[in-house]
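Numbers here simply count residues along the sequence, with the first being 1. As the structure is a prediction and not an experimental result, all values here were calculated from the model.
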Amino acid sequence: MTVWKERVPRLLLYLFLGICTFSTFFPFLNVLAVSLSSGEAIRAGYVSIWPRQFTWDAYRNLIEDGQLFIAMKNTVVMTVVGTVLNMLVTIMAAYPLSKMDLRGRGLVLGMIIFTMLFTGGLIPQFLLIKSLGLMNTYWSLWLSGLISTYNLFVLKTFFEGLPSELEESASIDGAKDWVVLVRIVLPLALPVIAALTLFYAVGWWNAYYNVLIFIKSSTHMSLMVKLYQMIDNLDPALLVGDSNANNSLPPEGVRAGAAMLASLPILIIYPFLQKYFVKGVLMGSVKG
């Protein structure tokens, strides 16, 4: 009887967690199934979490002209370079600001906090980018989104929590500040750096509004903007599919395929970074 008293709450907990997990995955599985189903099955409402009358027509409509691959290449370049610049600037700003003895630290932090509450607005930003001659270049995006104030404070707070004995012992051995940062601090900060890297990368991958404002050339468009243009200008009469009108692919199938193409790369990368979120790198680094 005692065994059942212990097992029943655990089974109920597992059941609850299973329901929550399924409710989280159901929309994703449904979109995936719709993108791989025929037009007849989609119109009849037969598609739930499993494809019906399997077909690649939705993806064929999206990639047949090759523009989507160009947009994806642009997004990869924008994401990789933008994320690297973001992390470099965030680390270079957060590390010195984590030092209590830094001159003018309070003033600089106050100015940074001010930017979280007040901004110049879109029109001044547009005029500034235009006056610098950066329109229709990725630098208009990289410079305007060079750092996130929230991410800066997250990393600064983590640096402040590191034991001062680590840096003091390295300084006694003659290590300079940049050596301490690269060889001691950053390896210990891998979990938070991985998390912030993912945040920045997801932001660049999903970039839409700034790209729409600053980028006018169709050859420089990001994936999200290109997908929106393709879906917005979708002509059901031009969709590739079965010659039978009853089985022609509806716009819903193409939209589902576009959603999968937009989210799949991030979903593939995420599991490789997730391990750093829970890894206790700092545990045991200082003894005695």
Nearest non-hydrogen partners of [X] and [Y], listed with the distance:
| X | Y | answer |
| --- | --- | --- |
| Met78 | Ser222 | CE-CB, 3.7 Å |
| Lys226 | Leu68 | CG-CD1, 4.4 Å |
| Ser37 | Val47 | OG-CG2, 3.5 Å |
| Gln53 | Glu40 | OE1-OE1, 3.8 Å |
| Ala256 | Val34 | CB-CG1, 3.7 Å |
| Asn86 | Leu146 | ND2-O, 2.6 Å |

Please answer: with hydrophobic residues joined when any side-chain heavy atoms are less than 4.5 Å apart, are [X] and [Y] in the same cluster?
| X | Y | result |
| --- | --- | --- |
| Met72 | Leu267 | yes |
| Leu36 | Tyr46 | no |
| Phe114 | Leu117 | yes |
| Ile184 | Val182 | no |
| Trp50 | Leu32 | no |

Under 6.0 Å from the [atom1] atom of [X], do we count more than 12 heavy atoms belonging to anything else shown?
| X | atom1 | value |
| --- | --- | --- |
| Arg183 | CZ | no |
| Phe26 | CZ | yes |
| Ile123 | CD1 | no |
| Lys216 | NZ | yes |
| Phe54 | CZ | yes |

Answer whether the closest heavy-atom distance between the side chains of [X] and [Y] falls below 4.5 Å.
| X | Y | result |
| --- | --- | --- |
| Leu97 | Phe159 | no |
| Trp205 | Val76 | yes |
| Phe126 | Phe214 | yes |

| request: Could you walk me through whether Tyr138 and Asn74 pass side chain to side chain contact (heavy atoms under 4.5 Å, CB included), step by step? | output: CA-CA 9 Å; Tyr138 291 142; Asn74 295 337; 3.0 Å; yes
| query | Going through the checks in order, is the side chain to side chain contact (heavy atoms under 4.5 Å, CB included) test met by Ile91 and Val185? | reply | CA-CA 10 Å; Ile91 292 172; Val185 176; over 6 Å; no
| field | Partners passing salt bridge (Lys or Arg N to Asp or Glu O under 4.0 Å) against Lys99 (at least two apart in sequence or in another chain) | value | Glu167
| query | Under the criterion side chain to side chain contact (heavy atoms under 4.5 Å, CB included), which of Val84, Thr83, Leu85 is the partner of Val81? | reply | Leu85
Keeping the roles fixed (side chain from [X], backbone from [Y]), state whether a donor-acceptor pair exists under 3.5 Å.
| X | Y | result |
| --- | --- | --- |
| Asn151 | Leu196 | no |
| Asn136 | Ile215 | no |
| Tyr59 | Leu261 | no |
| Asp57 | Ser38 | no |

| said: Run the side chain to side chain contact (heavy atoms under 4.5 Å, CB included) test on Leu122 and Ile213 for me, step by step, so that the C-alpha distance in whole Å, both residues' side-chain angles and the decisive distance to 0.1 Å come before the verdict. | reply: CA-CA 10 Å; Leu122 178 60; Ile213 295 174; 3.6 Å; yes
| message | Walk me through whether Phe158 and Ile193 qualify under side chain to side chain contact (heavy atoms under 4.5 Å, CB included). | response | CA-CA 10 Å; Phe158 185 89; Ile193 289 176; over 6 Å; no
| query | Relative to the ring of Trp142, is the ring of Trp139 parallel (under 30°), tilted (30 to 60°) or perpendicular (over 60°)? | reply | perpendicular
| request: Could you tell me how the ring of Tyr228 sits relative to the ring of Tyr208: parallel (under 30°), tilted (30 to 60°) or perpendicular (over 60°)? | output: perpendicular
